[in-house]
Amino acid sequence: MTMNRRLISLAVATGLAAIAASSRAESPSYSETYKKYVQPDGTITVPEDYRTKFTFLGTFSVAGGDQAGGPAEFHQVYIDPDSIEQYRRTKAFPDGAILVKELQKARTLDMTTGRSSSWKEDAGWFVMIKDTQGRFNDSGLWGDGWGWALFDAANRAKPTTTNYKAECIGCHIPVKKTDWVHVWAYPLLDAKDRVTDFNK
Ligand code: HEC
């Protein structure tokens with residue numbers, strides 16, 4: 001009897017924790033994104049602190065470098081830390097999620113480990129910001145559930161993009177089904193949760 005009662009209270013406690021977790025998942029806790037990284041007219045900026053505060057998702061290495069045979073560029077992708085938690089729970093990008101793709105020119109050197117390539121200089125940034133509210137429908141940077149912007153290395157405060165339909169979305173059509181993001185390239189986002197499998 002006592003045992004049963006304990007089990008029941010355990011079940012109630014677990015249920016309450018689950019309700020708390022699910023209401024947390026639905027709460028729009030990302031207003032910070034729009035305060036910190038988006039100007040009132042919808043202009044997007046590159047988050048100052050993405051290298052220290054964001055979660056690193058993965059790298060694309062772009063072929064075609066110098067005669068040493070290394071890559072021409074690395075594309076390093078980051079996400080804000082709150083969104084990674086939500087994505088892993090819900091498999092959807094929450095309102096305010098920020099993806100930063102950093103473009104780096106690469107340098108290839110013969111090192112003690114062998115021929116190896118690394119960062120040479122910043123070459124610009126692509127930023128996507130999730131918008132489930134249709135906040136800036138009149139802006140050429142916002143639509144299809146995201147804000148879209150490209151920045152030159154020389155100016156992280158003002159995008160060069162004026163029309164995401166012409167400058168972005170055509171190339172992202174192959175990943176339309178996963179909310180326009182190449183989730184399969186990032187172990188932390190992959191719908192099949194490869195990271196969990198690796199750790200088993
Ligand atoms: C020439 C095709 C092309 C264009 C144009 C393009 N993208 Fe992409 N984008 C890609 C591909 C392919 C990837 C993943 C591979 C890579 O980066 O090398 C990617 C990755 C990204 C990522 C990392 C998240 C993800 O999808 O994996 C962001 C952020 C991004 N693009 C934003 C933009 C924005 C914003 C624009 C417009 C200003 C844009 N892209 C224009 C092809 C393109």
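Heavy atoms only: backbone and side chains are in, while hydrogens, waters and symmetry mates are out. As the structure lists them, so they are numbered: ligands from 1, and atoms in each ligand from 1.
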Just by distance, no angles: are the side chains of Glu167 and Thr162 close enough, under 3.5 Å, to form a donor-acceptor pair?
yes
What's the separation between atom OH in Tyr78 and atom OH in Tyr186, rounded to the nearest 0.5 Å?
12.0 Å
Rounded distance (nearest 0.5 Å) linking atom CD of Glu73 with atom OG1 of Thr59:
13.0 Å
Taking distance alone, with N or O pairs closer than 3.5 Å, would you say His75 contacts ligand 1?
yes
For the residue pair Trp142 and Tyr34, categorise the inter-ring angle as parallel (less than 30°), tilted (30 to 60°) or perpendicular (more than 60°).
tilted
Atoms of ligand 1 under 4.0 Å from any heavy atom of Met128, numbered from 1 in the order shown, are 28 (C), 29 (C), 30 (C), 32 (C)
Please list, in number order, the atoms of ligand 1 under 4.0 Å from a heavy atom of Leu150.
38 (C)
So do the side chains of Val181 and Tyr87 get within less than 4.5 Å of each other, counting heavy atoms only?
no
When you measure from the heavy atoms of Tyr186 to every atom of ligand 1, does any distance fall below 4.0 Å?
yes
Can you report which non-hydrogen protein atom sits closest to atom 37 (C) of ligand 1, along with the distance?
Cys168 SG, 1.8 Å
Does one side chain, of Ser83 or Asp80, offer a donor that lies under 3.5 Å from an acceptor on the other?
yes
Below 4.0 Å from any atom of ligand 1, is there a heavy atom belonging to Ala185?
no
Any nitrogen or oxygen of Glu167 lying under 3.5 Å from a nitrogen or oxygen in ligand 1? Just yes or no.
no
For atom 22 (C) of ligand 1, which protein heavy atom lies nearest, and how many Å away is it?
Lys101 CD, 3.8 Å
Distance from Lys130 atom NZ to Thr33 atom OG1, nearest 0.5 Å?
13.0 Å
Report the nearest protein non-hydrogen atom to atom 32 (C) of ligand 1: residue, atom name, distance rounded to 0.1 Å.
Phe126 CB, 3.6 Å
Which residue and non-hydrogen atom of the protein lie closest to atom 13 (C) of ligand 1, and at what distance in Å?
His182 CE1, 3.2 Å
Does atom CG of Asp41 have more than 12 heavy-atom neighbours, drawn from other residues, nucleotides or ligands, at distances under 6.0 Å?
yes
Of all N/O/S atoms in His172, which lies nearest to atom 8 (Fe) of ligand 1?
NE2
Where's the contact between Val181 and ligand 1, heavy-atom distance under 4.0 Å: side chain, backbone, both or neither?
both
Sub-4.0 Å heavy-atom contact, Ile169 with ligand 1
no
Tightest non-hydrogen contact, residues Leu103 and Trp125, listed as CG-N, 4.4 Å
Out of all atoms in ligand 1, which are within 4.0 Å of some heavy atom of Val127? Include the element for each.
35 (C)
min-distance protein heavy atom vs atom 43 (C) of ligand 1 -> Cys171 CB, 3.2 Å
Ring centres under 6.0 angstrom apart (Trp146, Tyr164):
no
Short list, please: which atoms of ligand 1 are under 4.0 Å from a heavy atom of Ala149?
35 (C)
